[in-house]
Amino acid sequence: MIVKQGQVVCTGLDDRGRYQYQIYLHLQNVGKSNLTVITKTSDVLGIFYEVPEITLSNSESTVDGGLLVPPAEELGLVTLYPTDVASVHDTFTSSDRLQDKAVINYLAREIYSGRFGNWVGSAKSAPIQVVNSVKSCIE
């Protein structure tokens, strides 16, 4: 699995003065077997290295100690044949403005005891240009 394409776009400030970003990436199956990927992420984490890294992933929830299992369609499961591409999109909010470039990391964990058969691993983009076209994102 590779990140074929990625984009980070600043869309403005929220009501608390934090920068809001839209994160887009295209994952491509470069293997020889079909893979199932989760396209609706629930966790977005930013780590501010020299080139910031934004990680999109999923986690499990529990209710009174019992595993809360979502419907498969809520995870956005997509089966990719070799060379197929899936789109993943999420939002990210940060008190710090991303400067010129960022890296997007897609982290697929084994969740829900593997019952959805999703691909497990990570795929990271090369540093990509952050789009700061909104005035509040530039100042």
Side chains of [X] and [Y]: does their closest heavy-atom pair fall under 4.5 Å?
| X | Y | answer |
| --- | --- | --- |
| S94 | F48 | yes |
| V78 | K40 | no |
| T83 | N29 | no |
| I104 | V3 | no |
| S57 | D43 | yes |
| Q129 | K101 | yes |
| V130 | Y21 | yes |
| V44 | I54 | yes |

- Item | Nearest atoms (heavy-atom pairs only) where A102 meets V51 |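 Between these two residues, the closest heavy atoms are CA-CG1, 3.9 Å.
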- Look at the side chain of T11 and the backbone N and O of Q20, then say whether any donor-acceptor pair between them is shorter than 3.5 Å.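 At least one qualifying donor-acceptor pair exists.
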- Message: Whether the side chain of T41 engages the backbone of L56 through a donor-acceptor N/O pair (distance < 3.5 Å, no angle test) should be reported.
- Response: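 Checked: no pair found.
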From [atom1] ([X]) to [atom2] ([Y]), nearest 0.5 Å:
| X | Y | atom1 | atom2 | result |
| --- | --- | --- | --- | --- |
| N118 | R109 | CG | CZ | 11.5 Å |
| H26 | H89 | NE2 | NE2 | 10.5 Å |
| S87 | Q5 | OG | CD | 9.5 Å |

- Message: Can you tell whether the side chains of K4 and D84 come within less than 4.0 Å, N to carboxylate O?
- Response: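 Judged by the 4.0 Å cut-off on N to carboxylate O distance, K4 and D84 do not form a salt bridge.
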Given the rule that I, L, V, M, F, W and Y join up when any side-chain heavy atoms are under 4.5 Å apart, are [X] and [Y] in one cluster?
| X | Y | answer |
| --- | --- | --- |
| V9 | V88 | no |
| V8 | I2 | no |
| L25 | I128 | yes |
| L107 | L75 | no |
| L98 | V131 | no |

- Output, in order, the C-alpha distance, side-chain angles, deciding distance and verdict of side-chain contact (heavy atoms from CB on, under 4.5 Å) for K124 and V103. CA-CA 7 Å; K124 191 180 287 193; V103 170; 3.3 Å; yes
- Query: Mind checking whether Y112 and F116 have parallel, tilted or perpendicular rings, split at 30° and 60°?
  - Reply: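 Perpendicular.
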- Query: Is there a side-chain hydrogen bond (donor to acceptor under 3.5 Å, both in side chains) between T79 and N34 once you walk through the steps?
  - Reply: CA-CA 7 Å; T79 299; N34 297 349; over 6 Å; no
- Item | Test side chain to side chain contact (heavy atoms under 4.5 Å, CB included) applied to W119 and I38, L35, T36, the passing residue |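 Answer to the side chain to side chain contact (heavy atoms under 4.5 Å, CB included) test with W119 among I38, L35, T36: L35.
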- Item | Y24 atom OH, neighbour heavy-atom count above 12 within 6.0 Å |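 It does: Y24 OH has more than 12 such atoms within range.
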